[in-house]
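The structure under discussion appears below in the form of structure tokens.
Numbers restart at 1 for each chain; the letters A, B, ... are given by sequence-line order, proteins then strands. It should be emphasised that the depicted structure is a prediction, and the values quoted were computed from it without experimental measurement.
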There are 2 protein chains.
Amino acid sequence: MRRDAARNRERILDAAAAIVAAEGVGGLSMAEVAATAGVGVGTLYRRFGDRSGLAYALIDEREREFQAAFLDGPPPLGPGAEPRERVRAFLGALADRTVAQLDLLVMAETAGPYARFGGAYEAYRGHLAMLLGQVRPEGDASCLADALLAPLAAPLLARQVRDQGVPVGRVKAALDALVAGL
Amino acid sequence: MRRDAARNRERILDAAAAIVAAEGVGGLSMAEVAATAGVGVGTLYRRFGDRSGLAYALIDEREREFQAAFLDGPPPLGPGAEPRERVRAFLGALADRTVAQLDLLVMAETAGPYARFGGAYEAYRGHLAMLLGQVRPEGDASCLADALLAPLAAPLLARQVRDQGVPVGRVKAALDALVAGL
DNA sequence: GCATCAAACGGAATTGATTCCGCTTCTACG
DNA sequence: CGTAGAAGCGGAATCAATTCCGTTTGATGC
């Protein structure tokens, strides 16, 4: 990447983070980010594709940590534990990180019809399908993975946890009950 | 409702249906619907609230049939069958009707962050929670209902069924496997 | 140092949803 | 019938995302 492009990328992410800190995710409009960063809106789109891409980029650092944890980290999230245990740990950890970044994820996942499947969705699905294949070799690991990931969609969690006051623990427990039956 | 309002409601729905028939869901813009119906855009919003509300209204007729079927119709969808059997029938039927109306539902559910929970979502959740309470009285029926409904979100089904060529049957089978374990 | 050109830029223009508000039309009631 | 006012209406204005395209700039080879 050209040096000016890298510099602008940083400026944009800094500006976006500052706006989120100051006004919340609601204040994060493309025009305002561009103005604050001192670049044109075209530059935002060149760098991040769209609103959803910008939101995912803002989350990226913690995202890398999370991915590292389930790919390589200590059990039960990482390798070493029983597959079923890893599935539960993975879904629980994903629930936690989704709740931790709820606003940005709601924005990222609802930027367009398929925005939810951008970001790291494929990585999650692949990982989960791999584990489910070990738990239940005769099952349809790929569809099951989609089905178990779906309840962790940010807008649903937002409604449950924030609007209805359901504790995250209950959501995780319900998923555990489903996984236990496999 | 005033008579002129009812007439406009019909005109709008007719115009919207005609546009969908002619150009697909992609051509369904609020301005075009208003122009075709011969009303102002304000009238659309007064009647339907937003884009999502219009899409749900277009689906409404089949929707009533579906609701009547699981509330009052013959088993296994309606009363009379074992609760677990009814859960499976309900999820299967919901999957079918979602796929049958895929384009409109993708539009309706992605009009805004919480648009998915408009329409009949509460009715589905209540019904499913009631059945799950009979299957597993000690479980968290409410969270389980949300978790089992989530995999039937229109955008996810669109991706699986349309983009990836997964047969609906596989999606249903994966849900059955989850329900079987409860 | 300088020419070249692909990559990157900026910001006006476009597109489409949603809001606003002054005007019109029903309908109920006297 | 006449009229008050609630309900409804139209469409211009607003707001934000996204696209487009002419201009600028950094990297590379000489």
Requested in this report: Measure the shortest side-chain to side-chain distance between A:R125 and A:F117 over non-hydrogen atoms and say whether it is less than 4.5 angstrom.
Outcome: no

Query raised in the report: Going by an N to O cut-off under 4.0 Å, is there a salt bridge joining A:R7 and A:E10?
Result: no

Query raised in the report: Going through the distances and angles, do A:R159 and B:Y121 end up as a side chain to side chain contact (heavy atoms under 4.5 Å, CB included)?
Result: CA-CA 12 Å; A:R159 220 180 78 105; B:Y121 188 87; 3.9 Å; yes

Query raised in the report: Contact class for B:G112 (heavy atom, under 4.0 Å): base, sugar-phosphate, or nothing?
Result: nothing

Query - Pairwise side-chain contact, B:M107 with B:D103, heavy-atom cut-off 4.5 Å (strictly under) - result: no

Query raised in the report: Taking 5' to 3' order, which nucleotide of DNA chain D is first and which is last to have an atom within less than 4.0 Å of a heavy atom in chain B?
Result: D:dA6 to D:dA12

Query raised in the report: Less than 4.0 Å between a side-chain N and a carboxylate O, is that true for B:E122 and B:R116?
Result: no

Query raised in the report: Between A:D4 and B:R3, which has a closest nucleotide on DNA chain C that is more 5'?
Result: A:D4

Query raised in the report: Are the side chains of A:D140 and B:V171 in touch, meaning some heavy atoms are under 4.5 Å apart?
Result: no

Query raised in the report: Are side-chain heavy atoms of A:P151 and A:L175 found at a separation under 4.5 Å?
Result: yes

**Report entry** Contact check, side chains of B:I19 and B:V25, non-hydrogen atoms, under 4.5 Å
**Finding:** no

**Report entry** Rounded distance [0.5 Å steps], CG in B:L157 versus CG in B:L105
**Finding:** 9.5 Å

Report task. Can you sort out which residues in residues 42-49 of chain B have a heavy atom within less than 4.0 Å of DNA chain C? Ascending by number, please. Result -> B:Y45

Query raised in the report: Would you call A:V87 and A:L91 a side-chain contact if the rule is heavy atoms closer than 4.5 Å?
Result: yes

Report task. For B:R2 and for A:G40, find the nucleotide of DNA chain C with the closest heavy atom, then tell me which residue's nucleotide is more 5'. Result -> A:G40

Query raised in the report: For DNA chain C, what residues of residues 13-21 of chain A have any heavy atom nearer than 4.0 Å?
Result: none

Query raised in the report: Does B:L102 belong to the same Ile/Leu/Val/Met/Phe/Trp/Tyr cluster as B:L104, with side-chain heavy atoms less than 4.5 Å apart forming each link?
Result: no

Query raised in the report: Taking side chain as C-beta onward, heavy atoms only, is A:L131 less than 4.5 Å from A:F70?
Result: no

Query - Segment of DNA chain C, first to last nucleotide, that comes within the 4.0 Å heavy-atom reach of chain B - result: C:dA17 to C:dT27

For residues 50-67 of chain A, which side-chain donor-acceptor pairs fall under 3.5 Å, sequence neighbours excluded?
from: A:D50; atom 1: OD1; to: A:S52; atom 2: N; distance (Å): 3.2
from: A:D50; atom 1: OD1; to: A:G53; atom 2: N; distance (Å): 2.9
from: A:R51; atom 1: NH1; to: A:L28; atom 2: O; distance (Å): 3.3
from: A:S52; atom 1: OG; to: A:A108; atom 2: O; distance (Å): 3.2
from: A:Y56; atom 1: OH; to: A:A115; atom 2: O; distance (Å): 3.2
from: A:D60; atom 1: OD2; to: A:R64; atom 2: NE; distance (Å): 2.8
from: A:D60; atom 1: OD2; to: A:R64; atom 2: NH2; distance (Å): 2.8
from: A:E63; atom 1: OE1; to: A:R97; atom 2: NH1; distance (Å): 2.2
from: A:E63; atom 1: OE1; to: A:Y124; atom 2: OH; distance (Å): 3.1
from: A:E63; atom 1: OE2; to: A:Q67; atom 2: NE2; distance (Å): 3.3
from: A:E63; atom 1: OE2; to: A:Y124; atom 2: OH; distance (Å): 2.4

Requested in this report: Please list residues of residues 26-35 of chain B whose heavy atoms come under 4.0 Å from any atom in DNA chain D, ordered by number; otherwise none.
Outcome: none

Requested in this report: Could you walk me through whether A:D146 and B:Q160 pass side chain to side chain contact (heavy atoms under 4.5 Å, CB included), step by step?
Outcome: CA-CA 9 Å; A:D146 277 325; B:Q160 292 178 302; 3.1 Å; yes

Report summary line: Closest heavy-atom pair, B:A95 versus B:L152, reported as atoms and distance to 0.1 Å, is CB-CD2, 3.8 Å

